[in-house]
Asks: 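Here's a structure for you.
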Amino acid sequence: MTKLQVAVDLLTTADALALLHKVAPHVDIIELGTPLIKSAGLSAISAIKAAHPDKEVFADLKTADAGFLEADIAFSAGADLVTVLGVAGDATIKGAVEAGVKHGKKVVCDLIGVENRVERAREVSKLGVAFVEIHAGLDEQAQPGYSIQALLDDGREAGVPFSVAGGVKVDTIKAVQEAGADVAVAGGAIYSAEDPGAAAKALKDALAA
Ligand SMILES: O=C([C@H](O)CO)[C@H](O)[C@H](O)COP(=O)(O)O
């Protein structure tokens, strides 16, 4: 079953906790978005894990260097998964994976900005990441030519465990599942909804249908 991950791209721990109070019952993984971690710091990870110990907490670090160090501090703060960038060097990815082994936690490789996602997905999977995130970031989504279908096609072709992030909505989440994604990530479709709890439930229900 494809898991549902909520990406919390808010800027304070208080706002994130208030959103998660409504949304958490309907999701499997809670992502602290990069802007939240940069704004609130690692203490946001600890606060959210303490409030939702039954959920997997995903710290979207988007690490580009110092792979072991950045992953290590996030795992120590309570993260269950962290991201490292696919555009980073292999040594950085291996370092993050080493920290994952130390803590018994997982590393996800975010392919944002990678030119050949299929090739890089296969390469980094051999370095020990749990899965790759086929991702069109918020800025890329705003460009002409953005299409979620391109993400799904690459995920399917790569043939390795993957998540999809970048504009996933209630009318596209089933296609994400059918492409074989292990995790569907939804940010704006939940936190910008008038009723975020109902939006998260609708996404979860679509996956179960
Ligand atoms: O990872 C993300 C982005 O880089 C900002 O942190 C988003 O959380 C991810 O793209 C999912 O968000 P939506 O595209 O709004 O669903």
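Keep in mind the model is a prediction, meaning the values are calculated, not measured. Numbering of ligands and ligand atoms starts at 1, following listing order. Heavy-atom basis, side chains included; hydrogens, waters and symmetry copies ignored.
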Asks: Quick one: nearest non-hydrogen protein atom to atom 3 (C) of ligand 1, plus distance?
Replies: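 The closest heavy atom on the protein side is K62 NZ, 3.7 Å.
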Asks: Look at ligand 1 and say whether A189 reaches it with a heavy atom at a distance under 4.0 Å.
Replies: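 No, A189 has no heavy atoms under 4.0 Å from ligand 1.
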Asks: Can you confirm whether more than 12 heavy atoms, excluding those of Q149, are under 6.0 Å from its CD atom?
Replies: yes
Asks: With a sphere of 6.0 Å drawn around NZ of K106, does it hold more than 12 non-hydrogen atoms of other residues, nucleotides or ligands?
Replies: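 Not buried by this count: 12 neighbours or fewer within 6.0 Å.
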Asks: Where is the nearest protein heavy atom to atom 15 (O) of ligand 1: which residue, which atom, and how far?
Replies: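 Its nearest protein heavy-atom neighbour is G188 N, 2.8 Å.
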Asks: For I30 and I48, which heavy atoms make the closest approach, and how far apart are they?
Replies: CG2-CG2, 3.9 Å
Asks: Among all residues two or more places apart in sequence or in another chain, which pass the side-chain contact (heavy atoms from CB on, under 4.5 Å) test with A193?
Replies: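 For A193 the side-chain contact (heavy atoms from CB on, under 4.5 Å) partners, ignoring immediate neighbours, are A199.
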Asks: Could you tell me which atoms of ligand 1, counted from 1 in the order shown, lie closer than 4.0 angstrom to a heavy atom of E31?
Replies: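 What qualifies from ligand 1 is 1 (O), 8 (O).
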Asks: Heavy atom of K169 under 4.0 Å from ligand 1?
Replies: no
Asks: Could you identify the single nearest non-hydrogen protein atom to atom 1 (O) of ligand 1 and state the distance to 0.1 Å?
Replies: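 Nearest protein contact, heavy atoms only, for atom 1 (O) of ligand 1 is H135 CE1, 3.1 Å.
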Asks: Is it the case that ligand 1 has an N or O less than 3.5 angstrom from some N or O of A7?
Replies: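 No: no nitrogen or oxygen of A7 is under 3.5 Å from one in ligand 1.
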Asks: So which heavy atom in the protein is nearest atom 8 (O) of ligand 1, and how far is it from that ligand atom?
Replies: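 Ranked first by proximity to atom 8 (O) of ligand 1 is D9 OD2, 2.7 Å.
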Asks: Would you mind running through ligand 1 and noting each atom that sits below 4.0 Å from a heavy atom of G167?
Replies: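 What qualifies from ligand 1 is 13 (P), 14 (O), 16 (O).
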Asks: Hey, what do you get for NZ (K169) to CD1 (I190), rounding to the nearest 0.5 Å?
Replies: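 CD1 of I190 is found 11.0 Å from NZ of K169.
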Asks: In the protein, what heavy atom is nearest to atom 14 (O) of ligand 1, and what distance, to one decimal place, separates them?
Replies: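 The closest heavy atom on the protein side is Q141 NE2, 2.7 Å.
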Asks: Does CG in D139 sit with more than 12 non-hydrogen atoms of other residues, nucleotides or ligands closer than 6.0 Å?
Replies: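 No, not enclosed.
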Asks: Do D28 and K3 sit within salt-bridge range, that is, some charged N less than 4.0 Å from a carboxylate O?
Replies: no
Asks: Just jot down the ligand 1 atoms closer than 4.0 angstrom to any heavy atom of A186, in number order.
Replies: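 Selected atoms, number and element: 16 (O).
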Asks: Quick one: pull up CG in L81 and CZ in F131 and give me the separation to the nearest 0.5 Å.
Replies: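 Between L81 CG and F131 CZ, I get 5.5 Å after rounding to 0.5 Å.
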Asks: Taking only heavy atoms of T34, which atoms of ligand 1 are found under 4.0 Å from at least one of them?
Replies: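 Near T34, the atoms of ligand 1 are 6 (O).
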Asks: Can you list the atoms of ligand 1 that are under 4.0 Å from a heavy atom of D60?
Replies: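 Under 4.0 Å from D60, ligand 1 has these atoms: 1 (O), 6 (O).
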Asks: Tell me the protein heavy atom at minimum distance from atom 16 (O) of ligand 1, and give that distance in Å.
Replies: G187 N, 2.8 Å
Asks: Sequence neighbours excluded, which residues qualify as side-chain contact (heavy atoms from CB on, under 4.5 Å) partners of E178?
Replies: K174
Asks: Identify, by atom number and element, the atoms of ligand 1 in contact range of P35, meaning under 4.0 Å from any of its heavy atoms.
Replies: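 Contacts of ligand 1 toward P35, numbered from 1: 6 (O).
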Asks: Between D90 and K94 (salt bridge meaning N to carboxylate O under 4.0 Å), is one present in this structure?
Replies: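 Not counted as a salt bridge, because no side-chain N and carboxylate O are separated by less than 4.0 Å.
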